[in-house]
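These notes concern the structure reproduced below.
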Amino acid sequence: MSRKYLIAGNWKMNKTASEAADLIREIHAAVGSQTTVQVCVCPPFTSLAAASELVEQSEIILGAQDMSPHASGAYTGEISAEMLRDLYVGFVILGHSERRQYYGETNQSVNAKVLAAVQNNLKPIYCIGETLEEREAGQTLEVVRSQVREGLENFPAASVENLVLAYEPVWAIGTGKTATDEMAQEVHADIRKVLVELFGEGPGASVRILYGGSMKPENAAGLLAQPDVDGGLIGGASLTSRAFSGIVEAVLEA
Ligand code: 13P
């Protein structure tokens, strides 16, 4: 089963709309025309409209960092799937550990968002990963398995091809501590097993599982060479074209 690599930049709460435009132009110039690796940028909501016009002339796909599970109505501050589709957003990051940690998101509340995303033809990048405490207590696989099962409850089999998972060990996010290649592969292979259980051999094997957590050009090649690591969800290193494109190039040169 060959899965196309996906390198996605999660800009988090960084960049104004004009800064975002500059960065997208730079990324476009560096890696925006190649089609070997799928490249996605996820700026804040306030930059999506400007970004949408810029990526139109490139192979870069636009992503959002969150989404409401509701279709419309009295939900102050929220953004719907339809609003994202209207700006040609393709991917949406859901259940990022920062949203779980600071905004009380749970497997159940993220599940509602994942289902709303696929119903609206958005591709969810569903994030999972254990905390340092959980890893040290030997609970990593157990925690990640329930995140996968509960977050993907009732996920429609017909949409499995649109599903992306991102394994982001919480202790590796923004800390400079990366999982070793072997640690990442161990968890990715286990996630793959759960996906096969849920959706069957072929569909389970088609889902891309990204690694996230201090990925940078220097460590990307080793992580991305693992059989079940199908790309990266990049935070800090996605904020400069040099580092982000360097990761894409690490795949192209492999
Ligand atoms: P860093 O690459 O900054 O560790 O962040 C990873 C992340 O949270 C991507 O979603």
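The first residue of the sequence shown is numbered 1, and numbering continues consecutively from there. In each ligand, atom 1 is the first atom listed, and ligand 1 is the first ligand listed.
- Summary of contacts: the protein heavy atom closest to atom 3 (O) of ligand 1 is G236 N, 2.8 Å.
- Considering CD of Q226 and OG1 of T180, their distance stands at 8.5 Å, rounded to 0.5 Å.
- Considering backbone and side-chain atoms alike, H96 places an N or O below 3.5 Å from some N or O of ligand 1.
- Looking at R149 and N107, their side chains never bring a donor and an acceptor atom within 3.5 Å of each other.
- Annotation for ligand 1: atoms under 4.0 Å from non-hydrogen atoms of S214 are 1 (P), 2 (O), 4 (O).
- With atom 2 (O) of ligand 1 as the reference point, the heavy atom nearest to it among G174, C42, A8, G235 is part of G235.
- Under 4.0 angstrom from ligand 1, the non-hydrogen atoms of I173 come from both its backbone and its side chain.
- Classification of the H70-Y75 ring pair by plane angle, with boundaries at 30° and 60°, yields parallel.
- What sits closest to atom 7 (C) of ligand 1 on the protein, heavy atoms only, is E168 OE2, 3.2 Å.
- When non-hydrogen atoms are compared, ligand 1 lies under 4.0 Å from neither the backbone nor the side chain of S97.
- Look at G213 and you'll find a heavy atom under 4.0 Å from some atom of ligand 1.
- Remark: the H96 side chain and the Q101 side chain contain no N/O donor-acceptor pair separated by less than 3.5 Å.
- Between D228 and the choices K193, R208, R3, the salt bridge (Lys or Arg N to Asp or Glu O under 4.0 Å) rule is met once, by R3.
- The shortest distance between side-chain heavy atoms of L94 and I125 does not fall below 4.5 Å.
- Contact analysis puts K12 in contact with ligand 1, with a non-hydrogen atom separation below 4.0 angstrom.
- Note on ligand 1: A172 sits in its first shell, one or more heavy atoms being nearer than 4.0 Å.
- Separating the CG atom in L54 from the CG atom in D22 is a distance of 9.0 Å, to the nearest 0.5 Å.
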